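Each residue takes its place number in the sequence, starting with 1. Note that the structure is a prediction, hence the values are computed from the model and not measured.
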Amino acid sequence: MPSPSGPAPSGRPPACPEEGAAACAEPSAGAGPSAGAGPSADAGPSAGEVRADGYRAVFAVPEFRFVFAAHLLSSLGVVVCEIALTVLVFRLTASPLMSALTFALGLLPYVLGGTLLSAVADRCPARRVLVLCDVLCALAAAGMVLPGTPVAVLLVLRCVIAAIAPVFAGTRAATLGEILGGGELFVLGRSVIRIVNQSAQLAGFAAGGLLLAVVSPAAVLALTAGTFLGSALLLRLGTLARPARDGARGEGRGALLGASLGGVRRLLADRRVRALLLLTWLPPAFVVVPEALLIPYADGLGVGPAGMGLLMCSMPVGAVAAESLAGSFLGPRARTRLTFPMGVFAVLPSLGFAAQPSLGWAVLLLVLTGTGISYNFGVDRWFVAAVPGVLLGQAMTVMQAGRMTVMGSAMGLAGAAAEYAPLRVVMPAAGVVGAVCVLAVIREVRRTAPGWPAGAAGAAAGAVRDPAGPVRDPAGPAPGTEN
């Protein structure tokens with residue numbers, strides 16, 4: 001289906017108006033376009049138009065509506081699949097360890113797909129990658145339904161879905177730049193995807209619980225396979241066929257594994273990209289520490305299953321509310337200014353668990369923690385401007401894979417720490433360490449911003465040549481001065 005904006009021309013967002021860096025909503029702008037950079041802000045409506053329409057401007061793009069519907073289906077499918085598979089494995093083994101391992105395997109394989117397969121996002125046409133990922137996930141879910149499937153095979157199939165997930169997420173994120181253009185439409189589109197992710201947790205757990213009360217886990221898994229196929233059909237019929245971002249052919253392409261690892265090395269070697277990746281990864285890593293310990297905390301409070309469910313839902317509720325309000329009522333400039341404060345604030349509510357709060361206060365702390373998700377508005381904008389266009393899909397894949405991997409690792413470390421220290425120490429400690437780490441990363445993000453004084457010598461010498469080919473102009477406002 002045609003998109004009003006069409007494929008986005010290459011180039012970074014345009015330079016800021018005369019208001020100055022402190023008020024500018026284009027944190028990574030350069031003096032002119034760059035041939036290999038991310039989506040251009042010129043491809044979409046102006047900042048003023050987006051401010052007026054908010055999310056309506058995003059949903060006005062027909063192609064995005066198909067992406068949204070497909071993501072809603074597949075997200076619900078993933079959450080319901082996790083619940084049904086965990087119940088199925090527990091019934092087959094009667095082992096809490098195996099059921100917990102089923103959940104862990106939803107996170108750990110992200111690092112494999114995000115590194116070994118990340119080049120797929122740029123080397124193949126996006127629609128083909130998205131549809132194929134959905135079909136493979138549907139086949140994996142269908143394999144779980146087969147009678148007599150060994151537990152080991154069930155866990156392998158769960159790993160397959162988890163390894164595919166970062167490739168799918170990275171490809172879709174890069175495709176949003178082509179569907180919506182750059183600038184605020186891209187930022188708001190990414191916000192909608194995050195809202196769906198958080199809402200799917202709430203709806204998926206509720207729907208999964210209701211379904212498992214009336215049908216078998218196998219039947220629920222069969223329904224999950226249907227959601228993946230529905231997503232594939234929506235993406236196939238509702239999105240345009242676009243060429244691969246990396247147009248290299250023949251010997252210039254190299255093997256997939258080598259290209260994936262080489263692209264990851266190039267991304268991590270870029271100081272600016274590395275700083276933004278860390279800013280994307282670290283706050284969630286510390287935010288999930290209290291979340292990972294909610295079951296023993298609820299048990300200590302003696303609140304029962306209802307109270308436990310309330311605690312588990314609190315953080316997604318805060319995230320959905322903050323994301324929706326910021327995207328609907330704040331302009332681009334205000335959302336950008338929230339980036340650093342909210343990135344730090346996200347890890348601070350866990351300090352309140354030092355007082356061993358009651359159920360009501362614990363819910364409030366978790367809701368406040370969830371509001372920190374709004375820091376992503378600015379990070380998304382800066383990241384897409386910092387990454388060369390030919391690596392955008394791979395960069396988004398690495399971002400997603402890294403985030404899920406550090407979250408899974410943090411959950412494991414939190415559980416291990418809780419074996420030796422009381423929860424009233426472990427949960428606040430995450431806030432203290434998290435605040436220190438996030439502040440250090442924010443300092444690095446500021447220092448790597450174009451126009452930072454430390455880079456004045458380079459700016460005076462002229463544009464810096466990007467290893468990937470495009471010319472990056474170091475001039476322009478620094479994100480650090482906008483907040």
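In this structure P316 satisfies the side-chain contact (heavy atoms from CB on, under 4.5 Å) test together with Q198, Q201, L202, sequence neighbours excluded. Scored by the ring-ring contact (aromatic ring centres under 6.0 Å, His included) test, F353 finds Y297 as partners (sequence neighbours excluded).
At least one donor-acceptor pair under 3.5 Å links the side chain of R335 to the backbone N or O of L330. A donor-acceptor pair under 3.5 Å is formed between the side chain of T448 and the backbone N or O of V445. Distance alone, capped at 3.5 Å, places no donor-acceptor pair between the R172 side chain and the L130 backbone. S328 contributes no side-chain N or O that, together with a main-chain N or O of L325, makes up a donor-acceptor pair within less than 3.5 Å.
Side-chain contact between W281 and V441: absent, with no pair of heavy atoms (C-beta onward) separated by less than 4.5 Å. Looking at heavy atoms from C-beta onward, L235 lies in side-chain contact with D134 at the 4.5 angstrom threshold.
Residue C81 is tested with T224, T227, V220 for a side chain to side chain contact (heavy atoms under 4.5 Å, CB included); the sole match is T224.
Nearest heavy-atom pair, F228 versus S74, reported as atom, atom and distance to 0.1 Å: CE2-O, 4.0 Å. When all heavy atoms of A386 and R272 are compared, the pair lying nearest together is CB-CG, 3.9 Å.
Side chains of Y55 and S191: a donor-acceptor N/O pair is present below 3.5 angstrom, by distance only.
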